[in-house]
Protein chains: 2
Amino acid sequence: MKHLHDFGESEEMYLKTIAELASKQDPIPVTWVAERLGISTVSASEMIHRLENRRLLEHTPYKGVCLTDEGRRRANTIIRRQRLWECFLTDKLAITWDHVHDLACRLEHATDSMVTEALADYLGHPTTCPHGNPIPSTEGEMPPPEGIPLGDLTPGEGGVILRIHPVSALLLRHLAEKRIEPGKEIEVREIAPFDGPQSILIGDEMHVLGREVAAHIMIQPNTETLGSRKLMEILG
Amino acid sequence: MKHLHDFGESEEMYLKTIAELASKQDPIPVTWVAERLGISTVSASEMIHRLENRRLLEHTPYKGVCLTDEGRRRANTIIRRQRLWECFLTDKLAITWDHVHDLACRLEHATDSMVTEALADYLGHPTTCPHGNPIPSTEGEMPPPEGIPLGDLTPGEGGVILRIHPVSALLLRHLAEKRIEPGKEIEVREIAPFDGPQSILIGDEMHVLGREVAAHIMIQPNTETLGSRKLMEILG
DNA sequence: ATGGATTATTAGGCAAACCTAATATATAAT
DNA sequence: ATTATATATTAGGTTTGCCTAATAATCCAT
Ligand SMILES: [Mn+2]
Ligand SMILES: [Mn+2]
Ligand SMILES: [Mn+2]
Ligand SMILES: [Mn+2]
């Protein structure tokens, strides 16, 4: 007999979370997954074993997890749904930027491919979500995300905000308050010693951002202000 | 710690199901609830006790269940969400009539009141769903549904289809195939003996409908064709 | 190489929603 | 009043997804 419950929502969130973390490092420590999902490492470890048995990921002990091709395809399907809903919520329902991430994170699990594709049609097949992140294709392929973290820039360097790496609503609210959003010019002015917070200039306002926050703001660097060493890194 | 899962979807489906059945009879036998949800009576009974403890309904053994005011309010909130999504899916995404019921039944549980009200705004505050059923208010009040079941009409009687009482996608597909939809004229031509199926005329086509199906097609009767006995019933 | 920190596993539990099989109770029909 | 039927409860079990506490294995830095 089939149950009333979906019992696939957890699985989907694991895959999505791993895919999102994978753009920062690969393989992903199980600890990171647990922390992001707000559960114990034991529970995460259990579930990861189950997903490994089903060939959706591979776990190398003491290293971390990597999605298989099928796992990544599935993850990107969920991400596609979330980002399309984000577009709908902002563009059509006029819900603010910092709210749509969490709202879409609930809808994504209740959406099949028929609705997804009809929605994509209706929205005119957008290529990025309101936070600037690319929307995967119907086939579950995602263009490589662009930009480098603001946190990697040094004083004097700056550029245009390309996207906000997907993360909790709290961070988005924090950024929304300071009017830090995709498309805007931003410049690093100062970095406190001992890997401390960055002082940044956006519009005509100065703000101090913690390293964790700065790591999620992805920049298209302004090449003029950029040190040549970093230029090499980016191009080569 | 909070769980990843909602664990409220079941509760919502119980309340909604009971509210929908309540328009046919009151109180509702627990058996009906179990059957509609496709679960055992034991499971339904368990859950109904839990909902009773939380004052969302009242259960009189060997009679059935009635929603409390709070229970009905909650149920109508879910119904509002479902029917607004149904409008969205048909009007904006151009998904057919018979599909939207089930699709919206998944979205309804992933939708909070912010999204619901923004959606209602966006759709221009529709008053009925694509199946003709009334959409409850923000406060959880629903206008009394109109019409009498097609199954109660006798040969020669007819009228306009007002709405299809909410039920499975199978029934909707069945009706969609025969072009039986809200707004159309329909007339009973014949009833087979021993409470058998009805032969009906819609457009220029004749169809034979089982009693169960006919019970879900709600009619605004054409008073000229109507027997005076039934007229009394309706008006008085 | 060795000790301390990180990572993984084991053991034992819990709650929500389901299930079947068996039993008990109330209502309805003869 | 008795019996048959419908309804309810009890008992015991499953799966999913989470938990804590304790232990074991590995990695890394000195
Ligand atoms: Mn989600
Ligand atoms: Mn986004
Ligand atoms: Mn539903
Ligand atoms: Mn409807």
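Since this is a predicted model, take the numbers as computed values, not measurements. Naming: A, B, ... by sequence-line order, numbering from 1 per chain.
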Is there any protein nitrogen or oxygen under 3.5 Å from a nitrogen or oxygen in nucleotides 4-10 of chain D, and what are the pairs?
from	atom 1	to	atom 2	distance (Å)
D/dA8	OP1	B/His59	NE2	2.9
D/dA8	OP1	B/Tyr62	N	3.0
D/dT9	OP2	B/Ser45	OG	3.3
D/dT9	OP2	B/His49	NE2	2.8

Any pair counted as side chain to side chain donor-acceptor pair (under 3.5 Å), so long as it reaches residues 53-67 of chain B, sequence neighbours left out: B/Glu11-B/Arg54
Nearest whole angstrom, please: distance from the C1' of D/dC19 to the CD1 of A/Ile39. 11 Å
Computed from five pairs at either end and rounded to 10 degrees, the angle between the axes of the helix from C/dA1-D/dT30 to C/dT30-D/dA1 is 0°
Out of curiosity, A/Asp112 CG to A/Thr77 OG1, how far, rounded to the nearest 0.5 Å? 12.0 Å
Salt-bridge contact B/Glu177-B/Arg173 (side-chain N to carboxylate O under 4.0 Å): no
Lys/Arg N to Asp/Glu carboxylate O, A/Arg83 vs A/Glu86, below 4.0 Å: no
Look at atom CD of A/Glu35 and say whether more than 12 heavy atoms of other residues, nucleotides or ligands are closer to it than 6.0 Å. no
Is there a side-chain contact between B/Tyr14 and the phosphate of C/dC18, meaning an N or O under 4.0 Å from OP1 or OP2? yes
If we check side chain to side chain contact (heavy atoms under 4.5 Å, CB included) with A/Arg74, which of these qualifies: A/Leu56, A/Asp69, A/Ile79, A/Leu51? A/Leu56
Rounded to whole Å, the CE-P distance (A/Met47 to D/dT15) equals 16 Å
Could you state the CD-C1' distance from A/Glu52 to C/dT9, rounded to the nearest angstrom? 14 Å
Rounded distance (Å) that lies between atom C1' of D/dG17 and atom CD of A/Glu9: 12 Å
Determine the interplanar angle of the A/Trp85 and B/Phe88 rings, folded into 0 to 90°, and report it as parallel if under 30°, tilted if 30 to 60°, perpendicular if over 60°. tilted
Is any side-chain N or O of A/Ser43 closer than 4.0 Å to OP1 or OP2 of D/dG17? no
Return the value, rounded to whole Å, for the distance between atom CD1 of A/Ile28 and atom C1' of C/dA8. 18 Å
Please check the phosphate of D/dC18 (OP1 and OP2 only) for any side-chain N or O of A/Ser10 closer than 4.0 Å. yes
Is it true that A/Arg80 and A/Glu117 make a salt bridge, defined as a side-chain N closer than 4.0 Å to a carboxylate O? yes
Would you compute the distance between atom CD1 of A/Ile164 and atom CG of A/Asp98 and round it to the nearest 0.5 angstrom? 11.5 Å
B/Arg50 CZ to C/dA15 P, straight-line distance once rounded to whole Å: 12 Å
